[in-house]
Structure formats: structure tokens, C-alpha cells
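Order of listing sets the numbers, starting from 1, for every ligand and every atom in it.
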Amino acid sequence: MKKGLIATTLLGLGLFVGCTTAPILFDGTGPNPPNPPNPPGLDNPCPDGVVSFQAEVLPLLVSNCALSGCHDANSHKEGVVLDSYDHVMKHIKANNPNGSKLYKSITDSGGDDAMPPYPYPRLTNEEIDLIRTWINQGAENTDCTPACDPENASFAANIFPVINTYCVGCHNDNLSEAGINLKDYQHIRAVALSGQLLGTIRYESGYQPMPPSGGQLNDCYVTQIQKWIDEGAQDN
Ligand code: HEC
């Protein structure tokens with residue numbers, strides 16, 4: 001009995017610290033898992049600086065329309081599809097950023113292969129660093145879930161980081177798909193109050209499911225966004 005408990009605990013800790021392909025699962029029998037050391041939001045969800053492919057890299061690629069929206073399963077220009085781990089790995093060499101086509105294209109300063117192409121903005125240095133770090137860490141399908149408390153619904157701390165990661169790449173000043181811009185509080189508030197924000201992320205009928213590829217936002221983010229809207233969509 002005791003042995004079983006210890007084994008369960010070690011397994012739980014292993015999954016938590018290991019941060020590899022397995023999602024973090026707890027079966028409810030061991031003690032509570034330690035609190036993740038990270039602040040809420042999308043910052044550094046994995047322990048020890050490990051980059052989460054599912055939580056950080058994939059949303060960045062999916063939401064950078066010029067990188068992947070224009071390269072999603074429906075439109076795949078030049079056959080480049082960046083909406084899943086397997087698809088992304090066709091353009092990546094683990095531990096070798098400079099040998100990875102995808103990395104070369106986001107760092108190329110103007111050649112034909114430079115991505116995103118003109119007139120879309122290039123990725124920021126932080127975004128490029130994140131992708132390089134992930135490749136150097138072995139380019140694994142890491143899936144560490146960011147800390148998320150459904151009770152927290154502050155615009156600056158919770159709502160904006162999610163929308164910025166998952167939506168802004170296709171809904172900004174340069175590219176506003178369907179006329180929707182989600183770059184800042186004023187714009188997001190308008191889309192929230194019209195019902196379109198929740199309608200699209202909850203895949204409600206009558207709305208386009210958003211984001212259009214890469215899967216639905218996790219339940220915790222959806223709950224936070226709903227709470228923020230219920231509480232008046234304030235700039236808090
Ligand atoms: C990869 C690009 C891309 C990403 C990422 C993306 N969108 Fe969109 N969005 C589109 C496109 C394209 C359309 C137009 C769809 C159409 O009309 O067929 C659209 C349309 C919309 C619309 C208007 C459609 C409606 O039914 O009201 C809303 C609202 C919207 N998106 C919100 C979001 C939100 C919120 C996110 C993040 C959770 C998001 N989008 C992420 C490309 C994207």
C-alpha cells in the first residue's frame with residue numbers, strides 16, 4: 001500500500017519534472033502536486049526553462065498567420081503546413097537550429113525564403129529565441145501546461161497574454177482577417193462585447209471556430225475570458 005503510494009508519487013513527480021511528451025496527469029491518489037513555480041499567464045510554463053512545444057511554440061506558429069495561417073491544412077502554400085508537431089518537425093532538425101529550414105527562414109534577413117514574407121512583421125527576437133531554445137533542447141513534443149487558475153480574470157495578467165499568443169498574429173493592424181483586430185484592450189473589448197470573442201473560441205454555431213487550426217483554447221482560458229466579460233470586460 002505504502003509502496004504503491006510512493007510509486008505513484010514518484011511517477012507524478014517524474015511526469016511533472018520530466019516535462020516530455022506525456023501531458024501532466026495526476027490520478028488523485030498521491031499528495032497534491034507542488035505548485036508550478038511560474039506566475040499565471042503564458043510565461044515559461046515548464047520547469048527549469050524547458051520550452052513547451054504545445055503551449056508556447058505551436059500557438060506562435062499557428063497564430064502567426066503569415067507563417068502558418070497561410071500555410072494551414074486548407075491553404076498550404078508551397079506545401080508548408082505548421083499546425084501540428086509532426087508537420088512542424090518536417091522543417092526542424094533537433095539540436096540544430098541553423099540546419100533547420102524553419103529556423104533559417106525566420107532568421108533570414110531578406111532572401112527569398114525569409115518568413116514571414118513582406119509585408120508581415122518578422123517574429124520578435126524573444127519569439128526567435130524561444131524557437132531556438134526549443135530546437136536546442138531536442139525539439140521534443142513537450143506539453144507542460146501553463147499555470148492557469150480559472151478564477152483569475154485580469155485583462156493584463158490573464159486575458160491579454162492568451163489573445164496575444166493565440167490570435168493577434170492574424171488579427172492586427174497589418175492583417176485583420178474578417179476585419180477583426182485584437183491588438184489591444186480597446187479592440188478586444190469591442191469584439192468581446194459583440195459576442196464574437198466567446199462565440200468563436202467556444203466554437204458556437206453561427207461563428208467561425210477560432211483559432212482556425214491547432215485546436216481549441218484550453219478550458220481554463222475560455223473560462224477566464226468568459227469571467228472577464230461577465231465582469232464587464234474591464235481594463236484591469
Ligand atoms: C491563423 C490565422 C488566425 C488566427 C490565429 C485566428 N484567426 Fe480569427 N479569423 C481568421 C480568418 C481567416 C477569419 C475569417 C474566417 C472566415 O470568414 O471564413 C477569422 C475570423 C475571426 C472572427 C470573425 C468571425 C466570426 O465568426 O465572428 C473573429 C471574431 C475571430 N476571427 C477571432 C479570433 C480569435 C478570438 C482568435 C484567437 C483565439 C483568432 N481569431 C485567431 C484567422 C485567424
Side-chain angles (χ1 to χ4, degrees), residues 40-42 45 52-85 87-88 91 102 105-106 115-117 119-124 127 130-131 145-146 148 150 153-230 233 235:
L42 295 179
S52 172
F53 176 78
Q54 292 292 335
E56 297 177 289
V57 176
L58 187 58
L60 186 67
L61 298 177
V62 166
S63 83
N64 233 286
C65 183
L67 262 181
S68 71
C70 311
H71 294 301
D72 64 16
N74 304 319
S75 55
H76 55 89
K77 278 190 188 153
E78 296 169 20
V80 180
V81 181
L82 297 175
D83 61 358
S84 68
Y85 179 73
H87 287 151
V88 171
H91 313 279
L102 190 146
S105 72
I106 58 174
M115 279 285 159
Y120 303 114
R122 306 308 302 270
L123 298 189
T124 65
E127 290 167 340
L130 181 83
I131 292 172
T145 316
C148 177
S154 139
F155 180 76
N158 312 111
I159 310 305
F160 188 72
V162 169
I163 292 182
N164 197 39
T165 303
Y166 287 92
C167 318
V168 173
C170 301
H171 296 287
N172 56 62
D173 285 342
N174 295 303
L175 179 66
S176 48
E177 293 285 11
I180 301 282
N181 191 336
L182 296 167
K183 69 167 180 177
D184 59 18
Y185 171 71
Q186 291 302 338
H187 289 83
I188 295 170
R189 180 173 192 270
V191 178
L193 297 184
S194 74
Q196 285 169 293
L197 182 56
L198 272 180
T200 52
I201 62 174
R202 287 201 302 216
Y203 288 19
E204 283 172 10
S205 70
Y207 294 96
Q208 299 289 336
M210 289 290 142
S213 58
Q216 201 166 2
L217 292 188
N218 87 38
D219 286 349
C220 182
Y221 297 153
V222 174
T223 307
Q224 287 178 329
I225 292 171
Q226 175 157 22
K227 186 164 191 270
W228 172 69
I229 295 172
D230 288 348
D235 191 4

Subject >> ligand 1 contact on Ile163 by region, counting heavy-atom pairs under 4.0 Å >> reply: neither
Original post:
Quick check: does Gln208 put an N/O/S atom under 2.8 Å from atom 8 (Fe) of ligand 1?
Top reply: no
Original post:
Going by the atom numbers of ligand 1, which of them fall below 4.0 Å from some non-hydrogen atom of Tyr166?
Top reply: 5 (C), 37 (C), 41 (C)
**OP:** Ignoring angles and geometry beyond distance, decide whether His171 reaches within less than 3.5 Å of ligand 1 through its nitrogen or oxygen atoms.
**Re:** yes
Original post:
Can Trp228 and Asn158 be said to form a side chain to side chain contact (heavy atoms under 4.5 Å, CB included), step by step?
Top reply: CA-CA 9 Å; Trp228 172 69; Asn158 312 111; over 6 Å; no
Subject >> Pair Gln54, Ser52: side-chain N/O donor-acceptor within cut-off below 3.5 Å >> reply: no
Original post:
Between the candidates Ser194, Cys170, Ala178, Ser176, which shows the shortest non-hydrogen contact distance to atom 14 (C) of ligand 1?
Top reply: Ala178
Original post:
Can you pull the salt bridge (Lys or Arg N to Asp or Glu O under 4.0 Å) pairs that have at least one residue in residues 210-226, sequence neighbours excluded?
Top reply: none
Original post:
Among the heavy atoms of Pro212, does any lie under 4.0 Å from an atom of ligand 1?
Top reply: yes
Subject >> With Asp173 via side chain to side chain donor-acceptor pair (under 3.5 Å) - residues at least two apart >> reply: Asn181, Lys183
Original post:
Does the side chain of Ile131 come within less than 4.5 Å of Leu61's, by heavy atoms?
Top reply: yes
Subject >> Where ligand 1 meets Leu197 - atom numbers and elements under 4.0 angstrom, heavy-atom basis >> reply: 35 (C)
**OP:** Output the list of atoms in ligand 1 that are nearer than 4.0 Å to some heavy atom of Tyr207, sorted by atom number.
**Re:** 26 (O), 27 (O)
Original post:
His171 and Val191: side chain to side chain contact (heavy atoms under 4.5 Å, CB included), yes or no, with the steps?
Top reply: CA-CA 11 Å; His171 296 287; Val191 178; over 6 Å; no
Original post:
Which of the atoms in ligand 1, numbered in the order shown and given with their element, are less than 4.0 Å from a heavy-atom of Ile180?
Top reply: 22 (C), 23 (C), 28 (C), 29 (C)
Original post:
For atom 20 (C) of ligand 1, which candidate among Gln216, Met210, Gln196 provides the closest heavy atom?
Top reply: Met210
**OP:** Compute whether any side-chain donor of one residue and acceptor of the other, for Gln226 and Arg202, lie under 3.5 angstrom apart.
**Re:** yes
